[in-house]
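So the structure is just underneath, and the comments pick up after that.
Counting convention: from 1, in listed order, for ligands and their atoms alike.
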Amino acid sequence: MEEEDNYVEYVPVTKRRAIEAQKMLHRKGKSSTLEDELETEKLAEAKPSLLVQATQLKRDQPEITHTEHLVQQEKEMIEHLSDRKTLMSVRELAKGITYSEALLTGWKPPLKIRRFPLKECESIRKQWHIIVHGDDIPPPIKNFKDMRLPEPVLAKLKEKGIVQPTPIQVQGLPVILSGRDMIGIAFTGSGKTLVFVLPLIMVALQEEMMMPILPGEGPFGLVICPSRELARQTYEVVEEFLIPMRECGYPELRPLLCIGGVDMKSQLDIVKKGVHIVVATPGRLKDLLAKKKMSLDNCRYLTLDEADRLVDLGFEDDIREVFDHFKAQRQTLLFSATMPTKIQNFARSALVKPVTVNVGRAGAANLDVIQEVEYVKQEAKIVYLLECLQKTPPPVLVFCENKADVDDIHEYLLLKGVEAVAIHGGKDQEEREYAIASFKSSKKDVLVATDVASKGLDFPDIQHVVNYDMPAEIENYVHRIGRTGRCGKTGIATTFINKNQSETTLLDLKHLLQEAKQRIPPVLAELNDPMEDAEAINSVTGVKGCAYCGGLGHRIKDCPKLEHQKSQAIAGSRRDYFGSGGYRGEI
Ligand code: ADP
Ligand code: MG
């Protein structure tokens, strides 16, 4: 009964809502207090539509200049280029292993140099045009003797006519000998190889003396190169210094050349004996490591030569995989003549307290190369090439982008009686090696090649480099012409351009010629230059030219390489990027 007394009649939802609404109206109607007024005002304020808000925001915003707008746009682009992960071992990332201090070596500069005041170091760097970044940078050393290299190494340097270190050697050698991680950027042909080879030998020697290597063990040091030919060349430089050391009674250090395209068994035989130094291309190295034929348990020194090229050619994941095989901290070194800001930042993740040593702008052309650019119609090229070969005595290098063009030119030159050989990634290893060896030993006068031969190869005394076509990426151009004008000698580079080149590529070329104070041909001078804002943007962002490819003729938003890499992900490219017919695994 009681319950029934408390019974409240059921009111349907619609009715309840109507009552609520009425109550509200009622309240509003008599809202005369100040508080209520404020409240309604607030309500009204929150009301304006998004459109109104947007126009209001626009009106209130301070005017930004065109340059500021471009800078902002560029910053956002660089940040959003997140296609590159860090260059670190997955194992170390997963376990959260990071290193904060450089590895210790037993090497120290002589006392007199250690006592150099900071000012003196700075003035030497200034005098040699060396720019350094990093903490506690070891002092530059102006002669090989003070670098405390073993006697037979010094003798060998002298025998090779190497008496005075080049700027990258003056600063790079003390940095690496001290055990520091380093990014080394210097012109093509400026002697970068010795900067990592000499300390590599010292590390191997020191380790071997402390604890001799046993069969199946090793290596202590590793060099990774982007092409088989470059790996072989670097291996030969290493060997050249090891032989006199062995003869002088130092412990035997065994080097191994680990490249694809050659029989793996002979390589395994050397591994079985125990190796001290390995020079490798990524594919074969990855293979040996994955099959557990070799380990990096004792390896404490890693060099990536032409590091930006390795990343560009798509070896990034291979390198990360190689990183996974290291069991402890190692000294990591990166070298190249071209290293755009974006790659430098990305590569830094692999380094511990790194020192950057820069001689000249990254991506600048070697000033010892006279660069000539000529407008040649597509169909006239091959005939004009013959005429062009008369410019200088041999040896001459001819570069083009496609393998088919290499074959055509090779055939044409042979028909015309020119002693020519050719190399590209589609040829088998034997042919490749024959071409390089006969050209290096001056048995052949002309080498026709794709970009396989453009990186790092040191042919003696090339007189003339002909670019049968202008590479789409300016970095490739810098590496190609860098095959001549090496180590103080002068060389000529002739480049054929025509309507097939994109305007951006030609603008990059124009700016590069301007930077190197070369003659600008009328075709390039006439080009409409959209880079008036360049100086202003440079000064704000601190990035000269394109942050992605280093080209001076455009900013990152117009980068052809970025564009190309995006489209490459979708469709295969005809360009001979991989130096082995496009099959990366076997390079
Ligand atoms: P990079 O790697 O910078 O393009 P390399 O290391 O291949 O250049 O060296 C180019 C050439 O210069 C090699 O033939 C090398 O023997 C020679 N060279 C290296 N250092 C010196 C030096 N200090 N003085 C004279 N020649 C040198
Ligand atoms: Mg080199």
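For NZ of K158, the number of neighbouring non-hydrogen atoms (other residues, nucleotides, ligands) closer than 6.0 Å is 12 at most. Shown here is R115, whose CZ atom has no more than 12 heavy atoms of other residues, nucleotides or ligands within 6.0 Å.
E229 and Q233 are not linked by any side-chain donor-acceptor pair at a separation below 3.5 angstrom, with hydrogens and angles left out of the test. Remark: the Q171 side chain and the R125 side chain contain an N/O donor-acceptor pair separated by less than 3.5 Å. Between the side chains of Y301 and E207, no donor-acceptor pair is found at a separation under 3.5 Å. Residues T188 and H479 have side chains that never bring a donor and an acceptor to within less than 3.5 angstrom of each other.
Within the listing of ligand 1, atoms 22 (C), 23 (N) sit less than 4.0 angstrom from a heavy atom of T166. Of all atoms in ligand 1, numbered sequentially from 1 with element shown, those under 4.0 Å from a heavy atom of T188 are 4 (O). Listed by atom number, the atoms of ligand 1 under 4.0 Å from Q164 heavy atoms are 22 (C), 23 (N), 24 (N). Near T193, with a cut-off below 4.0 Å to any heavy atom, the atoms of ligand 1 are 2 (O), 5 (P), 6 (O), 7 (O).
Nearest protein heavy-atom contact of atom 3 (O) of ligand 1 is K192 NZ, 2.9 Å. Scanning the protein heavy atoms around atom 20 (N) of ligand 1, the nearest turns out to be Q169 NE2, 2.9 Å. Given atom 16 (O) of ligand 1, the protein heavy atom at minimum distance is I162 CD1, 3.8 Å.
In terms of polar-atom proximity, defined here as any N/O pair under 3.5 Å, G191 does make such a contact with ligand 1.
Proximity annotation for atom 11 (C) of ligand 1: of V359, D458, L194, V197, D458 comes nearest, heavy atoms only. Here atom 4 (O) of ligand 1 lies nearest to G189 when heavy atoms of G189, G482, G488, S336 are compared.
Screening residues 149-197 for ring-ring contact (aromatic ring centres under 6.0 Å, His included) gives F196-F335 as the qualifying pairs, with residues at least two apart or on separate chains.
Contacts between C487 and ligand 1, counted as non-hydrogen atom pairs separated by less than 4.0 Å, involve the side chain only. Residue A186 does not touch ligand 1, judged by heavy-atom distances below 4.0 Å. Only the side chain of R486 comes within 4.0 Å of ligand 1, counting heavy atoms alone; its backbone N, CA, C and O stay farther away.
A heavy-atom separation below 4.0 Å is found between S190 and ligand 1. Within the structure, ligand 1 has F187 among the residues with a heavy atom less than 4.0 angstrom away.
A cation-pi arrangement is present between R330 and F326 under the rule of less than 6.0 angstrom and at most 45 degrees off the ring axis.
No side-chain heavy atom of V448 sits less than 4.5 Å from a side-chain heavy atom of F439.
Taking every heavy atom of both residues into account, T105 and S178 meet most closely at OG1-C, 3.5 Å.
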